[in-house]
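In listed order, ligands and their atoms are each counted from 1.
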Amino acid sequence: MPVFDYDLGILGGGAAGLTAAAGAAQFGAKTILVEKAKKLGGDCLHFGCVPSKTLIRTAGVWSLARRAKEFGLPEVALPPVSLAAVMGRVRSVIDTIQEHDSPERFCKLGAEVRFGSPRFVDDHTVDLDGARLTARAWIVATGSSPSLPPVEGIADVPYWTNETVFSQTDLPGHLLILGGGPIGVEMAQAFRRLGSRVTIVEYSDQVLGPEDPDIALILRNRLEAEGVKVLAGTKALKATVVNGSVLLRVGPSRGEGEPCTVEGDVLLVAAGRKPNVDGLDLSAAGVAFSPRGVPADRRMRTNVPHIYSCGDVNGVLPFTHVAGYEAGIALSNAVLRLPRKADYTKVPWCTYTDPEVASIGLNEKRATAAGVGYRTLEAAFRDVDRARTEGETEGKIKVLIRPSGALLGCQIAGPHAGELIHEWVAAINGEVKLSTLAGAIHAYPTLAEISKKAAGSYYSEKLFSDRTKKVLRFLFDLKGRACTPEGEAG
Ligand SMILES: Cc1cc2nc3c(=O)[nH]c(=O)nc-3n(C[C@H](O)[C@H](O)[C@H](O)COP(=O)(O)OP(=O)(O)OC[C@H]3O[C@@H](n4cnc5c(N)ncnc54)[C@H](O)[C@@H]3O)c2cc1C
């Protein structure tokens, strides 16, 4: 039997790689993790979730200050924002969390961490800047990078991506954003709230393409109410720079229409991701890949069964919690030799705009595409007392159920949707009955009451139907309404 230096080798020290390394080492597997950048943590910590959510919080505070009068407070005159100071806070939050991802911590757990540029030599061997490392199994967890859309001249204009936006120090007067997906809309609202004019150029007819149009519209309406210009159904054709301004030639993405030019100070490109495979020489290991990623089966195995692919690099669902989940699946298969398989049907996600937009399971688009019969239950935040006290009444919950009442999915657009969705995460994972949710006591006054209302609406239709009333009258000799408003038939 061949002898390898390590039981498990991992390429990439982000969400997937770090989860795999910590788990493998704690199971007692001899583990090495190789990271190309200077620090561990990956996109989520340095250029993704952490900086974006920190920036969003700062922008949210500023937006609340601007709304002071709505809450009965004196109006506040708000001075211009220093983006340098804002990004200083972003930096300090990253630095604090970074401590958790230090190589020393991983060493204490039992995993060796090395920095450098790895390259496969064969299916068990990686060359790390001249050193040869062999492992019985490898996990490719190298993440993804922003991709440039095919727009003439785009590579020649100065542009920001998620890798550069959080180190900026000057607030742009007018920020053009290419892409109305989660990154585009989150950044649009944050920069608008900090004081920039913002225009989003989005190819599809709605922001947040995978969401149902009615849910996405709730967000779009808020963005527009706050002054973000949303050019949906619009294709960027050409980018140029004139006198320091970025000029973006745009036209309708489908059908007829005249092109026009939008002018901004800075272009932020948030229009898709590409897998990080450059320099890995996956072909030397016989690993198949495409511009979409390094495909894996549900056990996270590539076409070479002892080489696994986890996280953004496999092109399935680009979320930190999915990367961690997939790393756990790969670990079961590669280290524990338990044939666990990934199940993506119960993955929640959230876009952290205001209102937040959260989702799990089937929405109407996905149910229709899958040919699944459904009906919807809805409740609005304006009917929830806590939403009134908070001054956050926009949005709704939409639950998809089978005609039998079984849960299929849930979408929430509203305050704290990313927290509220977890009642439905538990319900869908636990196959909880709608009647259990409808009957469960929810604390008053909480936003979570919206979930009970939505579940309860399924029964209230039946409970308060004319037929039920007739049966009750018959059984209990009920005498009907004591009071009827003027003009209504008695
Ligand atoms: C602006 C933004 C906001 C986001 N917000 C959220 C959010 O709120 N919630 C959420 O769930 N997800 C969010 N994401 C997505 C999330 O960041 C990714 O899904 C997650 O980081 C993927 O983890 P990963 O381990 O696959 O990749 P990464 O975390 O990117 O880790 C990959 C690591 O591999 C390293 N690497 C690259 N090439 C090589 C190589 N050749 N050799 C060795 N190492 C290499 C990289 O340097 C990196 O450290 C956001 C992303 C962006 C861009």
A.B. asks: If you measure every N/O of Ala16 against every N/O of ligand 1, is any gap under 3.5 Å?
C.D. replies: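 There is such a contact, yes.
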A.B. asks: Measure the shortest side-chain to side-chain distance between Val357 and Leu208 over non-hydrogen atoms and say whether it is less than 4.5 angstrom.
C.D. replies: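 In short, these two side chains touch, coming nearer than 4.5 Å.
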A.B. asks: So, Lys274 side chain and Pro291 main chain: donor-acceptor pair closer than 3.5 Å or not?
C.D. replies: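 Looks like no, no N/O pair under 3.5 Å.
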A.B. asks: Which atoms from ligand 1 have a heavy atom of Ala323 less than 4.0 Å away?
C.D. replies: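 Here the atoms of ligand 1 in question are 23 (O).
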A.B. asks: Under 4.0 Å, heavy-atom basis, I'd like to know which part of Met187 is in contact with ligand 1: side chain, backbone, both or neither.
C.D. replies: neither
A.B. asks: Is there any N or O on Cys310 that sits under 3.5 Å from an N or O of ligand 1?
C.D. replies: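 In fact, backbone or side chain, Cys310 has no N or O that close.
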A.B. asks: Decide whether an N or O pair under 3.5 Å exists between Asn276 and ligand 1.
C.D. replies: no
A.B. asks: One thing to verify: whether Arg386 and Glu449 come together as a salt bridge, which I'm taking to mean a side-chain N less than 4.0 angstrom from a carboxylate O.
C.D. replies: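 Here Glu449 does not pair with Arg386 in a salt bridge, since their nearest N and O are not under 4.0 Å apart.
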A.B. asks: Does Glu186 come within less than 4.0 Å of Lys53, counting only side-chain N to carboxylate O?
C.D. replies: yes
A.B. asks: Using heavy atoms and a threshold below 4.0 Å, how should the contact between Leu40 and ligand 1 be classified: side chain, backbone, both, or neither?
C.D. replies: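 Neither; no heavy atom under 4.0 Å.
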A.B. asks: Compare Glu326, Glu35, His46, Lys36 and give the one whose heavy atom is closest to atom 47 (O) of ligand 1.
C.D. replies: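 Looking at heavy atoms only, Glu35 sits closest to atom 47 (O) of ligand 1.
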A.B. asks: Please report which non-hydrogen protein atom sits nearest to atom 6 (C) of ligand 1, along with the residue it belongs to and the distance in Å to one decimal place.
C.D. replies: Cys49 SG, 3.3 Å
A.B. asks: Consider every N or O of Phe166 and every N or O of ligand 1, then say whether any pair is closer than 3.5 Å.
C.D. replies: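 Between Phe166 and ligand 1 (N or O atoms, distance only) the closest approach is not under 3.5 Å.
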A.B. asks: With heavy atoms only and a cut-off of under 4.0 Å, state how Phe47 meets ligand 1: side chain, backbone, both or neither.
C.D. replies: backbone
A.B. asks: Hey, is Asn162 touching ligand 1 through its side chain, its backbone, both or neither, going by heavy atoms under 4.0 Å?
C.D. replies: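 It is the side chain that touches ligand 1; the backbone stays farther off.
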A.B. asks: Parallel, tilted or perpendicular for Trp349 and Phe319, by the 30°/60° rule?
C.D. replies: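 Parallel.
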A.B. asks: Can you tell me which residue and heavy atom of the protein come closest to atom 12 (N) of ligand 1, and the distance to 0.1 Å?
C.D. replies: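 Of the protein heavy atoms, Thr320 N, 3.4 Å lies nearest.
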A.B. asks: Looking at atom 19 (O) of ligand 1, what's its closest protein heavy atom, distance included?
C.D. replies: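 Looking only at protein heavy atoms, the one closest to atom 19 (O) of ligand 1 is Asp312 OD1, 2.8 Å.
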A.B. asks: Test of understanding: given a 4.0 Å heavy-atom threshold, classify the contact between Ile183 and ligand 1 as side chain, backbone, both, or neither.
C.D. replies: side chain
A.B. asks: Check ligand 1 against Phe319 and write out every atom of the ligand that is under 4.0 Å from a heavy-atom position of the residue.
C.D. replies: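 Counting atoms of ligand 1 from 1, those under 4.0 Å from Phe319 are 11 (O), 12 (N), 19 (O).
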A.B. asks: Taking salt bridge (charged side-chain N to carboxylate O under 4.0 Å, His left out) as the criterion, tell me which of Lys365, Lys398, Arg366 meets it with Asp212.
C.D. replies: Lys398
A.B. asks: Does Ala141 approach ligand 1 within less than 4.0 angstrom via side chain, backbone, both or neither, non-hydrogen atoms only?
C.D. replies: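 For Ala141, only backbone atoms sit under 4.0 Å from ligand 1.
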A.B. asks: Just to check, does Gly279 reach to within less than 4.0 Å of ligand 1 when the distance is taken from its heavy atoms?
C.D. replies: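 In this structure, Gly279 fails to qualify as a contact of ligand 1 - no heavy atom is under 4.0 Å.
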A.B. asks: If the plane angle is over 60° it's perpendicular, under 30° parallel, otherwise tilted; pick one for His306 and His124.
C.D. replies: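 Geometry flag for His124 against His306: parallel rings.
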A.B. asks: May I ask you to say whether Arg220 pairs ionically with Glu224, meaning some side-chain N is under 4.0 Å from a carboxylate O?
C.D. replies: yes
A.B. asks: Can you tell me if Arg273 contacts ligand 1 (heavy atom of the residue under 4.0 Å from the ligand)?
C.D. replies: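 Judged by the 4.0 Å heavy-atom criterion, Arg273 does count as contacting ligand 1.
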